[in-house]
Amino acid sequence: MKKTFVMLSAALMLLGAASCGNKNCSAGKGAGSDKEEVYTGVMPATDVAGIRYTLRLDYDDDHGYTDGDYDLYETYLQADSTSMTGYRDLKTYTTEGDFRVETGIPSNPNAKYLKLVPKPHESSPGASNETLYFLINPNDSSITMLNSQRELPDSTGLNYTLRMN
């Protein structure tokens, strides 16, 4: 009887975690009130057709949803006219680390941005170990990659924005 109850409880926990989806998930890691956001988009690259970014932010409620853990998947793309998307995946790198919401970029001292600090020992071989910055665009649920000086890219016509799923 006890064994059946434990198995049923575990199955219900798994079902609940699987059904929360990718957006504003409140299940997982046992905290009960953490939230999750997922952003995706294809950014330009010089030696491939683009890089598809998928960024999963797992906010902790401990500090008012201002920090947490992240997973970043960078998939390098090659143009492929036989594919329905027009691209073929070449290689994917995974970076794991911690993030914080901070305030103040050079062009706007009130702007909020994400600071992503990787944990190289938890990331895939070949993944970037650089700290990344993303400007939070609250009006349209998107984030825009900033350079290492926390400035917007100086590339007219190129898209460095990821959108929330």
Side-chain angles (χ1 to χ4, degrees), residues 20-79 85-87 89-165:
C20 72
N22 286 336
K23 213 164 117 174
N24 296 324
C25 181
S26 61
K29 297 203 177 187
S33 58
D34 288 358
K35 80 174 180 177
E36 183 177 284
E37 294 176 344
V38 178
Y39 294 88
T40 59
V42 176
M43 293 196 200
T46 56
D47 54 349
V48 293
I51 303 172
R52 181 185 321 108
Y53 282 76
T54 302
L55 174 62
R56 186 188 65 78
L57 302 174
D58 183 13
Y59 285 86
D60 295 331
D61 69 337
D62 303 4
H63 303 105
Y65 301 110
T66 58
D67 63 9
D69 302 313
Y70 78 90
D71 297 304
L72 176 64
Y73 305 93
E74 297 173 82
T75 302
Y76 287 71
L77 305 171
Q78 178 178 1
T85 63
Y87 298 109
D89 295 358
L90 292 176
K91 177 82 176 160
T92 298
Y93 297 98
T94 304
T95 305
E96 295 182 25
D98 298 318
F99 76 91
R100 271 191 324 269
V101 177
E102 298 191 353
T103 303
I105 62 172
S107 63
N108 183 348
N110 298 317
K112 300 244 185 247
Y113 68 93
L114 298 168
K115 179 179 181 179
L116 281 62
V117 180
K119 294 179 181 175
H121 60 283
E122 294 181 17
S123 302
S124 65
S128 173
N129 292 323
E130 294 182 31
T131 298
L132 296 176
Y133 303 93
F134 286 89
L135 177 65
I136 298 171
N137 306 313
N139 297 334
D140 65 358
S141 299
S142 68
I143 56 176
T144 302
M145 184 179 276
L146 301 169
N147 66 19
S148 59
Q149 288 78 41
R150 298 183 331 269
E151 300 168 330
L152 288 166
D154 189 26
S155 301
T156 306
L158 297 177
N159 182 14
Y160 288 92
T161 300
L162 303 179
R163 302 225 175 268
M164 187 184 298
N165 288 347

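Note: hydrogens, waters and symmetry copies are ignored here, and every other heavy atom, side chains too, is used.
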Between Glu37 and Asp58, does a side chain to side chain contact (heavy atoms under 4.5 Å, CB included) hold up when you go through it step by step? CA-CA 7 Å; Glu37 294 176 344; Asp58 183 13; over 6 Å; no
May I ask you to check whether over 12 heavy atoms, not counting those of Asp154, lie within 6.0 Å of atom CG? no
Checking side chain to side chain contact (heavy atoms under 4.5 Å, CB included) for the pair Tyr65/Lys35: CA distance, chi angles, key distance, verdict? CA-CA 8 Å; Tyr65 301 110; Lys35 80 174 180 177; 4.0 Å; yes
Between Ser142 and Thr161, is the side chain to side chain donor-acceptor pair (under 3.5 Å) condition met? List the steps. CA-CA 7 Å; Ser142 68; Thr161 300; 5.4 Å; no
Side chains of Thr54 and Thr40: donor-acceptor distance under 3.5 Å anywhere? no
CD/Glu130: more than 12 non-hydrogen atoms of other groups inside 6.0 Å: no
Which value, rounded to the nearest 0.5 Å, describes the distance between Ser124 atom OG and Lys91 atom NZ? 7.0 Å
Is there a donor-acceptor pair under 3.5 Å between the side chain of Thr75 and the backbone N or O of Thr92? no
Nearest heavy-atom contact between Gln149 and Pro106 is O-CG, 3.5 Å
Ser128 to Pro118 - nearest heavy-atom pair and separation: O-CB, 4.2 Å
Got Leu77 and Val48 here, is their nearest side-chain heavy-atom distance under 4.5 Å? no
Kindly indicate, with the supporting measurements, whether the criterion side chain to side chain contact (heavy atoms under 4.5 Å, CB included) is fulfilled by Leu57 and Glu36. CA-CA 6 Å; Leu57 302 174; Glu36 183 177 284; over 6 Å; no
Flag, side chain of Asn137 to backbone of Asn139, donor-acceptor distance under 3.5 Å: no
Under the rule for ring-ring contact (aromatic ring centres under 6.0 Å, His included), what residues qualify as partners of Phe99, not counting sequence neighbours? Tyr59
Gap between atom NZ of Lys112 and atom OG1 of Thr103 - 0.5 Å precision: 3.0 Å
Could you go step by step and tell me if Asp140 and Arg163 meet the side chain to side chain contact (heavy atoms under 4.5 Å, CB included) rule? CA-CA 8 Å; Asp140 65 358; Arg163 302 225 175 268; 3.3 Å; yes
Considering only heavy atoms from C-beta outward, does the side chain of Tyr70 approach that of Thr95 to under 4.5 Å? yes
With sequence neighbours excluded, residues passing side chain to side chain contact (heavy atoms under 4.5 Å, CB included) with Ala111: Ile105, Asn108, Leu135
Does some side-chain heavy atom of Leu162 sit less than 4.5 Å from a side-chain heavy atom of Met43? yes
Find the distance between CD (Glu96) and CZ (Arg56) and round it off to the nearest 0.5 Å. 8.0 Å
Can Lys115 and Asp98 be counted as an ion pair, charged N to O under 4.0 angstrom? no
With rounding to the nearest 0.5 angstrom, report the CD1 to CD distance, Ile136 to Glu102. 10.0 Å
Interatomic spacing from CZ in Phe134 to CD1 in Ile143 - rounded to 0.5 Å: 5.0 Å
CG of Asp69 to CD of Glu122, rounded to nearest 0.5 Å, is 8.5 Å
Min side-chain heavy-atom separation Asp71-Leu55 under 4.5 Å: no
Counting C-beta onward and ignoring hydrogens, is there a side-chain heavy-atom pair between Leu114 and Val101 closer than 4.5 Å? yes
Scan Tyr87, Tyr53, Tyr93 and name whichever one has a ring-ring contact (aromatic ring centres under 6.0 Å, His included) with Tyr76. Tyr93
